[in-house]
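Every chain is numbered from 1 and lettered A, B, ... according to where its sequence line falls, protein lines coming before strand lines. It should be emphasised that the depicted structure is a prediction, and the values quoted were computed from it without experimental measurement.
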Amino acid sequence: EDQVTQSPEALRLQEGESSSLNCSYTVSGLRGLFWYRQDPGKGPEFLFTLYSAGEEKEKERLKATLTKKESFLHITAPKPEDSATYLCAVQPLANMNTGFQKLVFGTGTRLLVSP
Amino acid sequence: GAVVSQHPSWVICKSGTSVKIECRSLDFQATTMFWYRQFPKQSLMLMATSNEGSKATYEQGVEKDKFLINHASLTLSTLTVTSAHPEDSSFYICSAREEGAVLLGEQYFGPGTRLTVT
């Protein structure tokens, strides 16, 4: 069964204290891995797509990397406005019988950055 | 960027009544829209996938007669929770996929609707 596990569940950082969030996945085949940011009471906001192992994407203080088993979201010198829940999702290869695909989400990492 | 709106943002209803939630793609055409449900501190659970002009595909365990989905146009999908009960209280989020998008993950999410059934 396709599965996504995120760790830690919650992370508290001081402003400027860099860290990484982990997303481990088990899928029969990977079409893509996605990172989202979700603020309380809001829908997720798309951040990155990663397609293959070794790939990296950057946006401001965030950098996402991908291996064959996991992805990391590195946060460099975070600011309080980076506080949010970060969700990871994978798109497995299509079901060979049905052709159907759906995203598999992790439960997220709640990040709190204190000034 | 692509914007998806939802209405209402929150709703309180009495047990046994029905509630309709609208999801609109404001500046693009969405051939596919998704409806998710999210409980506190949990991740998004896909309820159904809807394609414009055809019947929605529901996930296992989601009652299609209770959660009615209509995707009548390329910019509008609606979710109606019929005969709502307190256990239906949740955060409902829709998302839309732009025509021509290759990967499922490149979805644009609405801001969500908080439903409370009393």
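Both the backbone and the side chain of A/Thr107 come within less than 4.5 Å of a heavy atom in chain B. Contacts between B/Gln6 and chain A at a heavy-atom distance below 4.5 Å are absent for every atom of the residue. Only the side chain of A/Phe46 has a heavy atom closer than 4.5 Å to any heavy atom of chain B.
Residue A/Leu87 holds its CG atom at 7.0 Å from CD of B/Gln38, rounded to the nearest 0.5 Å. A distance of 6.0 Å separates CD in A/Gln38 from CG in B/Leu44, rounded to the nearest 0.5 Å.
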Any chance you could lay out the side chain to side chain contact (heavy atoms under 4.5 Å, CB included) test for A/Tyr36 and B/Phe109, step after step, and finish with the verdict?
CA-CA 10 Å; A/Tyr36 304 89; B/Phe109 289 84; 3.5 Å; yes

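Side-chain contact between A/Val4 and B/Ser43 is absent, with no heavy atoms from C-beta onward closer than 4.5 Å.
B/Met45 and B/Ile69 fall into different hydrophobic clusters, defined by Ile, Leu, Val, Met, Phe, Trp and Tyr side-chain heavy atoms under 4.5 Å apart, directly or through other members. In this structure, A/Tyr51 is a member of the same hydrophobic cluster as A/Leu103, with clusters built from ILVMFWY side-chain heavy atoms closer than 4.5 Å. Taking hydrophobic clusters as Ile, Leu, Val, Met, Phe, Trp and Tyr residues chained together by side-chain heavy-atom distances below 4.5 Å, A/Leu73 shares a cluster with A/Leu13.
Per-residue counts of heavy-atom pairs under 4.5 Å with chain B were compared for A/Gly32, A/Gly108, A/Gly41; the largest is that of A/Gly41. Residue with the most contacts toward chain A among B/Cys94, B/Pro111, B/Ser9: B/Pro111 (heavy-atom pairs, distance under 4.5 Å).
For residues 2-19 of chain B, the set of pairs meeting the salt bridge (charged side-chain N to carboxylate O under 4.0 Å, His left out) definition, not counting sequence neighbours, is empty.
Residues that satisfy the salt bridge (Lys or Arg N to Asp or Glu O under 4.0 Å) test with A/Glu58, not counting sequence neighbours, are absent from this structure.
Environment of NE2 in B/His85: crowded, with over 12 heavy atoms of neighbouring residues, nucleotides or ligands closer than 6.0 Å. By the 6.0 Å contact criterion, CZ on A/Arg61 is enclosed, its count of non-hydrogen atoms from other residues, nucleotides or ligands being greater than 12.
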